[in-house]
Visitor: 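Have a look at the structure that comes next, please.
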2 protein chains.
Amino acid sequence: MASSTEENYLKSLYNLANVQGEVNLSELAASLQVSLPTANSMVKSLQKSGWVIYEKYKPLTLTKEGKKTAALIIRKHRLTEMFLVKVMNFGWEEVHEVAEQIEHIHAPKFFERMDQMLGFPTVDPHGSPIPDPQGKITPLSYTPLAHAKPGQHVQLAALTNSSTEFLEFLNSRKLSLGTQLTILSKESYDQSMVVSYAHHPSETLSEKVCERLLVRVLD
Amino acid sequence: MASSTEENYLKSLYNLANVQGEVNLSELAASLQVSLPTANSMVKSLQKSGWVIYEKYKPLTLTKEGKKTAALIIRKHRLTEMFLVKVMNFGWEEVHEVAEQIEHIHAPKFFERMDQMLGFPTVDPHGSPIPDPQGKITPLSYTPLAHAKPGQHVQLAALTNSSTEFLEFLNSRKLSLGTQLTILSKESYDQSMVVSYAHHPSETLSEKVCERLLVRVLD
DNA sequence: CAAATTTGTTAGAATAGTCTAACTTTGTAA
DNA sequence: TTACAAAGTTAGACTATTCTAACAAATTTG
Ligand SMILES: [Mn+2]
Ligand SMILES: [Mn+2]
Ligand SMILES: [Mn+2]
Ligand SMILES: [Mn+2]
């Protein structure tokens, strides 16, 4: 059984895994806000437990078991976030910190019951996919708003970043998942976009924001 | 900030405190299932933190701060149990283990929201009082069923023991909080009682059971 | 390529929480 | 009031998780 600490390491490794599925020790240490030697020693111990493949000076890879364990923690995290938003009426900007703790609760039935009460959701409040009970995850293929063309109609489907500040920015603009946008224009100088949506006839979004908004193209 | 381990020690000290408010180290160690030296060293550290009054070879007492901290953890525990039963449809015999973990979550708003969704309950699913947000607890004054007299009408109000086995026994007899009982007779040989209640014209309850059932006398 | 920089490793130490073995104090009972 | 038992303490050790300082390997740059 993984400790909370180990679970957080596995989760970071899973989330950091890029195309190669490889992660540098430095990235891992930075993401968990621990020193390099701390990450180094934990990685060795995760290897002993069979969750990580590690060779001196080489990048890290999760084993099959490690990936599954990580995915199941992410499942608990995202189900919790959905539960907090849908059942307990939290805002999407308030749920991450609580979920960061509740994901470590060992009580299968607790999460099964959440899942059931929520009607077996497939995405969390930020549009990220919820791994299934076997740890399988269906990656969603949305487009960054930044890639959309003027004149297109799109619907906000997910975010590539769910920091509290970003979520509060979206709240301030009344942007939420499902919001339908029309792209009015794109400024070629700074890649900012002018969009319109319900009660907002013209809103300018910076490139940074447009990169972080994932949309479903409607036409 | 107390660690989960420290919180469990405070909670045990609080629950073990007898009339004098004093607890022996052995009781504490037994209740937490740790060795005597483990409890001894933790007690010293709780003293350093100002939660416990301790002198070599003397019984232990919680400080005012220690009592409040303990009561607030118990509050989280009992609110959680109530939430699991009322909102998430768990049985009263299933909630203790989960609450034992969730009581350590640091997220005031999470518990405030539970409280609100539950309509600010004053007792948990086993009839134990829920401390208020200031850590104040209103002790309930119920009578053990064992003290009731034949002919009396009583209502099941709380339990002095909430072990899974006992709760499953009560489930098997369809006994739950609120059940109204009529005492038919008491066997002077073994102190067992014969009672009747909805759809149960005659049920015999052992002395052990009668001691653990707390009732409100209706007439 | 050699130097500089970044990345990763090792050594050594600290804290929290736990244990067993050995010993001491306190309380009980003959 | 001594003797035994129960309760409590100390010493020493172990694992988990973390750190800083010192050093080494790998990578990038001029
Ligand atoms: Mn999250
Ligand atoms: Mn976490
Ligand atoms: Mn309980
Ligand atoms: Mn607990």
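The shown structure was predicted, so the numbers you read here are calculated from the model rather than taken from an experiment. Numbers restart at 1 for each chain; the letters A, B, ... are given by sequence-line order, proteins then strands.
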Visitor: Is the backbone N or O of A:Trp51 less than 3.5 Å from a side-chain atom of A:Thr63, with the two atoms forming a donor-acceptor pair by type?
Guide: yes
Visitor: Give the C-alpha distance, both sets of side-chain angles, the deciding distance and a yes or no for salt bridge (Lys or Arg N to Asp or Glu O under 4.0 Å) between B:Glu97 and A:Lys109.
Guide: CA-CA 11 Å; B:Glu97 286 309 308; A:Lys109 195 164 178 187; over 6 Å; no
Visitor: Using a cut-off of 4.0 Å between protein heavy atoms and nucleotide atoms, how would you tag nucleotides 9-23 of chain D 5' to 3' with B, S and -?
Guide: BB------SBBBB--
Visitor: Between atom CG in B:Leu28 and atom P in D:dA7, what is the gap in whole Å?
Guide: 14 Å
Visitor: Does any N or O in the side chain of A:Lys76 come within less than 3.5 Å of the main-chain N or O of A:Ile105, such that one atom is a donor and the other an acceptor?
Guide: yes
Visitor: Could you tell me the separation between the CG atom of B:Asn24 and the P atom of D:dA5, rounded to a whole number of Å?
Guide: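 After rounding, the reported distance stands at 20 Å.
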Visitor: In this structure, are over 12 heavy atoms from other groups packed under 6.0 Å from A:Lys186 atom NZ?
Guide: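 Yes, NZ of A:Lys186 has more than 12 neighbouring heavy atoms, counting only those of other groups under 6.0 Å.
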Visitor: Starting at CD of A:Gln47 and ending at P of C:dT9, how long is that distance when rounded to a whole Å?
Guide: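 About 11 Å, once rounded to whole Å.
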Visitor: For the side chain of A:Arg78 and the backbone of A:Ser128, is there at least one donor-acceptor N/O pair under 3.5 Å apart?
Guide: no
Visitor: Figure out the CG/P separation between B:Leu60 and D:dG8, and round it to whole Å.
Guide: 8 Å
Visitor: Would you please classify the geometry between the B:Phe90 ring and the A:Phe110 ring as parallel, tilted or perpendicular, with 30° and 60° separating the classes?
Guide: tilted
